[in-house]
Visitor: 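Mind looking over this structure? Questions follow.
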Number of protein chains: 2
Amino acid sequence: MAEKSTYHHGDLRRTLLDQAAGLLREEGEKGLSMRALAARAGVSRTAPYHHFADKQQLLCAIAEEGFRRFVGVLRIESAALSEQRLQQFVRNYLEFAVNNAEYYDLMFGSQLWKSGHISSALQDEAHSSFRFYVAQVRAWQDQQRISPTLDALRYAQVTWSTLHGMCRLLIDGIYLDTATMGPMCDQAGSMFWRELQVP
Amino acid sequence: MAEKSTYHHGDLRRTLLDQAAGLLREEGEKGLSMRALAARAGVSRTAPYHHFADKQQLLCAIAEEGFRRFVGVLRIESAALSEQRLQQFVRNYLEFAVNNAEYYDLMFGSQLWKSGHISSALQDEAHSSFRFYVAQVRAWQDQQRISPTLDALRYAQVTWSTLHGMCRLLIDGIYLDTATMGPMCDQAGSMFWRELQVP
DNA sequence: GAGGGATTTTGACACTGTCAAGATTGCGCG
DNA sequence: CGCGCAATCTTGACAGTGTCAAAATCCCTC
């Protein structure tokens with residue numbers, strides 16, 4: 001099944017997803033064209049259209065894979081929640097984004113979200129990630145001595161914004177660079193922690 | 001000078017910048033093509049290329065105008081700095097971004113920053129904005145009873161990230177929406193404030 | 001008035017996403 | 001076993017994109 005004769009690829013969909021991610025990583029967003037992708041997969045220009053309705057759907061599928069890899073980054077052990085643990089959490093989030101920038105760009109980029117043609121599967125995946133995070137904050141409130149007056153949703157929105165903003169500025173090379181990631185993560189984690197300790 | 005005969009436009013550069021921003025606002029990023037822009041300016045396809053080397057330079061010029069409008073949003077009266085004032089500052093930043101999303105997308109978007117062909121004028125404008133913000137934080141430290149151990153640069157990086165992250169999530173319609181902007185701004189401003197009060 | 005530099009146009013090229021029609025194949029049902 | 005159908009892949013085509021080169025047109029200065 002490895003070396004197929006010619007006509008039928010056998011596992012084109014899988015190949016397309018992998019090669020597309022590779023192209024994105026190596027050549028950047030501009031480098032990923034349907035035609036280049038098809039060529040790289042050793043197939044003709046329009047073959048991909050039998051597996052994805054259009055380019056947007058291809059990108060949505062890649063983003064979904066991104067979210068699947070993303071799972072695990074968000075989870076924080078709430079037993080013995082501490083400042084250090086929060087700082088580590090920030091580090092994990094940023095490291096994922098920086099090391100998987102092709103995926104992160106699709107998962108949280110305007111390209112898909114502002115297009116209006118985002119797949120509902122992707123939307124579900126994204127929203128459930130955020131809901132998971134909010135639920136986790138609520139769990140902290142129950143288990144730890146954390147200000148019960150804190151609005152978990154607002155806190156989640158603002159802290160996620162901080163994480164997302166740092167990732168964007170890092171990936172795009174604006175204001176932040178990876179050389180100072182450590183101290184920045186500590187600062188962010190400290191702020192997250194401090195807000196939880198408010199009486 | 002208003003109604004020119006035909007051939008020479010007279011003020012094409014200015015017209016292009018305005019019409020480009022209009023196109024962006026009305027049709028979105030996809031809607032802004034050099035050809036559509038030329039048509040809208042009532043001129044032939046390649047005329048714009050005598051005022052901007054290529055599309056990137058056009059976008060850079062628009063982004064520069066964005067930064068010029070942006071000036072003033074960053075300034076915070078440090079006399080009587082307060083939690084409310086910080087919250088208002090957050091509100092101002094977000095309102096600018098949301099109300100001028102076409103500009104904000106260019107000013108802080110990957111489109112220009114990741115291209116490698118960003119104009120140095122734009123880069124200067126952007127960096128000086130950030131330096132201004134950092135200097136402002138340092139001024140607070142001098143004038144108010146604010147923790148002198150706070151690293152102003154780190155604080156500036158993290159708070160700017162929060163602002164930028166909120167803007168991105170708002171503009172792209174991920175997780176945040178404008179209906180809850182008020183409480184979110186308050187939450188962010190409170191966190192900013194609290195970090196300044198650390199002994 | 002003539003010339004020159006700025007400005008605009010027309011023509012062309014390589015590239016993009018995507019549709020329609022045909023070619024080729026593998027699989028299920030008889 | 002074999003036949004037909006559906007899935008898969010290809011070729012051809014079209015409109016649209018950014019941008020270059022050469023030609024046309026204009027305005028301004030001497």
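All chains are named by letter (A, B, ...) in the order of the sequence lines, taking the proteins before the strands, and each is independently numbered beginning at 1.
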Visitor: Is there a donor-acceptor pair closer than 3.5 Å between any side-chain N or O of B/Glu195 and the backbone N or O of A/Ser190?
Guide: no
Visitor: Strictly distance-based, threshold 3.5 Å: is any side-chain N or O of B/Gln136 a donor or acceptor partner for the main-chain N or O of B/Leu74?
Guide: yes
Visitor: B/Thr180 side chain to B/Asp177 main-chain N or O, any donor-acceptor pair under 3.5 Å?
Guide: yes
Visitor: In whole Å, what is the span from the CG atom of B/Leu37 to the C1' atom of D/dT17?
Guide: 14 Å
Visitor: Does B/Phe192 offer a backbone N or O that forms a donor-acceptor pair with the side chain of B/Tyr155 under 3.5 Å?
Guide: yes
Visitor: Can you tell me if B/Trp160 uses its side chain to pair, donor with acceptor, with the backbone of B/Val134 under 3.5 Å?
Guide: no
Visitor: Indicate yes or no: does B/Arg168 engage B/Asp105 in a salt bridge with an N to O separation below 4.0 Å.
Guide: yes
Visitor: Calculate the interatomic distance between A/His50 atom NE2 and C/dA23 atom P; express it in whole Å.
Guide: 15 Å
Visitor: I need the CG-C1' distance between B/Leu32 and D/dG18, as an integer number of Å.
Guide: 12 Å
Visitor: Between the protein and nucleotides 11-13 of chain D, which nitrogen or oxygen pairs are less than 3.5 angstrom apart?
Guide:
unit_1 : atom_1 : unit_2  : atom_2 : d
D/dT11 : O4     : A/Thr46 : OG1    : 2.9
D/dG12 : N7     : A/Arg45 : NH1    : 3.4

Visitor: In residues 53-63 of chain B, which residues come under 4.0 Å of DNA chain C by heavy atom?
Guide: none
Visitor: Atom CG of B/Leu12 to atom P of C/dT9: distance rounded to whole Å?
Guide: 9 Å
Visitor: I need the OH-C1' distance between B/Tyr49 and D/dA22, as an integer number of Å.
Guide: 17 Å
Visitor: Without decimals, in angstroms, what is the distance between B/Asp11 CG and D/dC27 P?
Guide: 15 Å
Visitor: Specify the separation, in whole Å, of atom CE of B/Met34 and atom P of D/dG18.
Guide: 7 Å
Visitor: Is it true that a side-chain atom of A/Gln143 and a backbone atom of A/Ala79 form a donor plus acceptor pair closer than 3.5 Å?
Guide: no
Visitor: Do the side-chain N and O atoms of A/Gln57 and A/Ser119 include a donor-acceptor pair separated by under 3.5 angstrom?
Guide: no
Visitor: Is it true that a side-chain atom of A/Arg85 and a backbone atom of A/Ala80 form a donor plus acceptor pair closer than 3.5 Å?
Guide: yes
Visitor: Please check the phosphate of D/dC9 (OP1 and OP2 only) for any side-chain N or O of A/His51 closer than 4.0 Å.
Guide: yes
Visitor: Starting at CG of A/Leu16 and ending at C1' of D/dC9, how long is that distance when rounded to a whole Å?
Guide: 12 Å
Visitor: Taking the minimum atom-to-atom distance to the side chain of B/Ser33, which one of C/dG17, D/dT17, D/dC9 wins?
Guide: D/dT17
